[in-house]
Amino acid sequence: MCDDKNNSGKDKGFARGLTNYGDRGFSMYLRRSFASSMGYSRQMLDRPIVGIAHSASGFNNCHRHFPEMIEAVKRGVLAAGALPIEFPTISLGEVFLSPTSLKFRNLMSMDVEEMTRAQPMDSVVLLGGCDKTVPAQLMGAASAGLPSIQLVAGPMSTSRHRGERLGACTDCRRFWQRYRAGDVDDKGIDEVEKRLASTSGTCAVMGTASTMASLAEAIGMMPAGSAAIPAVDADRLRMAEETGRIAVSLIGTDKTPKKIITEKALENGVRILMAIGGSTNAIIHLAAIAGRLGLKIDLKRMNEISDTTPVLVDLKPTGIAYMEDLHAAGGIPAVMRELKHLLHLDCETITGETIGDRIEAADPWVDRNVVKPFDRPIRDNGGLLALFGNVAPRGAIIKRSAADPNLFERTGRAVVFTSLQDLAARIDDPDLDVTPDDFLVLQNAGPLSDAAMPEAGYIPIPTKLARAGVKDMVRISDARMSGTAYGTIVLHVAPDSASGGPIGLIRNGDAISLSVRDHSIRLLVSDEELEARRAEPTIEKTPALRGYDMLYRNHVLQADEGCDFDFLQSAQES
């Protein structure tokens, strides 16, 4: 019999986690027999195993190139002397899920965790990309406790339409806004539709997918320079092959996510998030990942980081360039070099070196059209900010780098929509009582609502105002918005309406004060009046049906805690 132990003394390869028949020898004999049916030689069966957890699906356009990437990972694993075995998990295609992909992120994380723990593998490559897949994989891997490395799909390449460069999905929203305003006709919007997403990969801008890829690299869970490589570039396949080799080197080590994703690493991630003008969704995902490891994203500490971190990356939706430009400009290492004096340089990465080592090893050339120097930033402070006040006692998020500064210090009259259905029914009503100076408020769209916190916070400008030339208004909700969206939008209000949060007490005509300078959002209504409103009837939630829907309703946390399940918080020892 071969030696089925790795250098840590634990079982390795197919000897790991044997199915229990009450006879270990029989369990191993039976497992090898069934593995042999797949054509493996005895030499291969004796090797340690690298699992490849992937989220390819016909309902996920971002991942249609995964078969080729999986083969590249396998090459790297085989070349390094281990056996690669791929296995599918739940896939979350952002625009193909109802009511919203966030509802199923925790389900995917449980799939990744349980299949990583239950199946025989010595390390695992996490292959994802679309918005919720990367955080789900990192959450699951953090809980599973196996040496893990992230690999992402990479961004789409841009397309062209009548001489204009296009990329999903900031340009999707820009053209739809023009269509609603009457500047683009039916034929024009149909033509644009075919050009917005013309290659495999994730959205071409600094949306949630690209943000999470950037943060996975920044916290050390991916190789240097791997976040921004375009999906269709040969370098993406070379990175996949290299990731396979690295995964073999992790076997028998203590390089689990818990070792890499430390409090300091998370602070580095938040710092990079601010500098790249990244997605608001990243705060929810970082909080969920941190919670799996017994850590916390403190929103007040986030504000301190934001106020001392300039926006340096000139990408849509806050700038003009695309992810493929960031890759050509030097990628995340170029951004980190500008922030070197603010980062925790001693943080260890999955590839063995520290963050400081990575910065020193990176090519010093940088395209200043895309990555600005620290002393000449795009804006002096970070892209995201947490707001507090009696509207959001546990915090709300605004993406100030994608907002209109003229709206930052305002008091406005509330125009309230009590649900997504109410919003759809009235937002374009020509008789809607609304002016450009009003604050649009959407209730019952948070994590505990029937809607399960969709990306509905990008409340459309009422048609009659859009056609009059209004481009932005203050909008407030307990929902999320896409990382590709823009505007003066207050999101993730916690606690949400459905859990009894004060955002649900706002009524039409109430005055609301917003101060980005003071990190404040307040409802100018007396405490006595708010208490009286609490006694009023509220929108009844649809009863949980069964299965996962019931699990979600009973256990989902609020936005400031990452919308994870309460019973999944803090890592379990493997």
Side-chain angles (χ1 to χ4, degrees), residues 59-64 92-102 129-133 153-213 230-232 277-282 314-326 399 401-403 420 423-424 427-428 454-461 463 466 470-472 475 479-489 491:
F59 286 108
N60 198 326
N61 61 291
C62 302
H63 298 179
R64 66 180 171 88
L92 304 176
E94 188 65 19
V95 302
F96 295 99
L97 287 163
S98 176
T100 172
S101 61
L102 182 65
C130 194
D131 292 16
K132 309 305 178 296
T133 60
M156 295 179 192
S157 294
T158 53
S159 183
R160 299 294 187 275
H161 172 69
R162 297 186 176 181
E164 186 173 1
R165 191 180 181 196
L166 297 182
C169 192
T170 300
D171 293 327
C172 309
R173 300 176 190 284
R174 178 169 60 86
F175 270 92
W176 189 253
Q177 190 169 351
R178 289 179 59 192
Y179 176 66
R180 283 177 52 81
D183 296 336
V184 176
D185 61 16
D186 289 345
K187 183 174 183 295
I189 201 70
D190 286 345
E191 291 174 354
V192 168
E193 179 183 302
K194 299 180 183 70
R195 303 308 309 156
L196 287 164
S198 58
T199 77
S200 60
T202 55
C203 285
V205 300
M206 190 55 79
T208 303
S210 293
T211 299
M212 291 311 300
V232 298
S279 169
T280 51
N281 286 301
D314 195 14
L315 258 64
K316 291 188 175 189
T318 62
I320 59 173
Y322 295 86
M323 282 299 291
E324 60 189 7
D325 303 316
L326 177 59
K399 189 173 185 177
S401 61
L420 289 172
L423 175 67
I427 190 67
D428 292 329
E455 291 183 341
Y458 185 69
I459 302 169
I461 303 296
T463 296
V470 176
K471 304 295 185 185
D472 195 9
R475 287 159 274 181
R480 299 177 298 115
M481 76 175 180
S482 168
T484 64
Y486 45 85
T488 309
I489 302 175
L491 304 149

Got a second to check how far [X]'s [atom1] is from [Y]'s [atom2], nearest 0.5 Å?
{"X": "Ser482", "Y": "Asp131", "atom1": "OG", "atom2": "CG", "answer": "6.5 Å"}
{"X": "Asp472", "Y": "Thr488", "atom1": "CG", "atom2": "OG1", "answer": "3.5 Å"}
{"X": "Thr158", "Y": "Leu196", "atom1": "OG1", "atom2": "CG", "answer": "11.5 Å"}
{"X": "Met481", "Y": "Ile489", "atom1": "CE", "atom2": "CD1", "answer": "4.5 Å"}
{"X": "Ile461", "Y": "Ile427", "atom1": "CD1", "atom2": "CD1", "answer": "8.0 Å"}
{"X": "Met323", "Y": "Ser157", "atom1": "CE", "atom2": "OG", "answer": "11.5 Å"}

Salt bridge (Lys or Arg N to Asp or Glu O under 4.0 Å) with [X]: which residues, sequence neighbours excluded?
{"X": "Arg165", "answer": "Glu324, Asp325"}
{"X": "Asp183", "answer": "none"}
{"X": "Asp314", "answer": "none"}
{"X": "Arg160", "answer": "none"}

Closest approach of [X] and [Y], non-hydrogen atoms and distance?
{"X": "Ala485", "Y": "Ala402", "value": "O-CB, 4.3 Å"}
{"X": "Cys130", "Y": "Cys62", "value": "SG-SG, 3.7 Å"}
{"X": "Leu420", "Y": "Ala456", "value": "CD2-CB, 3.4 Å"}
{"X": "Gly487", "Y": "Ala403", "value": "O-CB, 3.6 Å"}
{"X": "Ser101", "Y": "Glu94", "value": "OG-OE1, 2.8 Å"}
{"X": "Thr211", "Y": "Ala282", "value": "CG2-CB, 3.7 Å"}

With side chains defined as the heavy atoms from C-beta onward, is the minimum distance between [X] and [Y] less than 4.5 Å?
{"X": "Lys471", "Y": "Tyr486", "result": "no"}
{"X": "Pro317", "Y": "Arg173", "result": "no"}
{"X": "Lys132", "Y": "Leu97", "result": "no"}
{"X": "Arg195", "Y": "Val192", "result": "no"}
{"X": "Tyr458", "Y": "Thr484", "result": "no"}

List in chain and number order the residues that pass side-chain contact (heavy atoms from CB on, under 4.5 Å) with [X], two or more places apart in sequence or in another chain; answer none if no residue qualifies.
{"X": "Ser401", "answer": "Val311, Thr318, Arg379, Lys399"}
{"X": "Ala168", "answer": "Met156, Cys172, Ala197, Cys203"}
{"X": "Asp428", "answer": "Arg180, Thr463"}
{"X": "Thr100", "answer": "Leu102, Lys103, Ala452, Pro454, Arg480"}

Using ring pair (Phe, Tyr, Trp, His ring centres under 6.0 Å) as the criterion, list what pairs up with Phe175, not counting sequence neighbours.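 Checked Phe175 against ring pair (Phe, Tyr, Trp, His ring centres under 6.0 Å); zero matches.
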Selection residues 200-210 - residue pairs positive for side chain to side chain donor-acceptor pair (under 3.5 Å), sequence neighbours left out: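 Pairs touching residues 200-210 that pass the test: Thr208-Ser279, Thr208-Asn281.
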Return yes if some donor-acceptor pair links the side-chain N/O of His161 with the main-chain N/O of Glu191 below 3.5 Å, else return no.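 Flag not set: sc His161 to bb Glu191 has no pair under 3.5 Å.
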Only counting residues at least two apart or in another chain, list the ones meeting side-chain hydrogen bond (donor to acceptor under 3.5 Å, both in side chains) with Arg178.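 For Arg178, no residue satisfies side-chain hydrogen bond (donor to acceptor under 3.5 Å, both in side chains) once neighbours in sequence are set aside.
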Under the rule for side-chain hydrogen bond (donor to acceptor under 3.5 Å, both in side chains), what residues qualify as partners of Asp186, not counting sequence neighbours?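 So Asp186 forms a side-chain hydrogen bond (donor to acceptor under 3.5 Å, both in side chains) with Tyr179.
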Phe96 vs Asn60, test: side-chain contact (heavy atoms from CB on, under 4.5 Å). Steps then yes/no. CA-CA 8 Å; Phe96 295 99; Asn60 198 326; 5.9 Å; no
Could you check His63 against Thr133 for side-chain contact (heavy atoms from CB on, under 4.5 Å), going step by step and ending with a plain yes or no? CA-CA 10 Å; His63 298 179; Thr133 60; 3.8 Å; yes
May I ask you to decide whether Asp190 forms a salt bridge with Lys187, counting only side-chain N to carboxylate O separations under 4.0 Å?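 Result for this pair is no, no salt bridge flagged.
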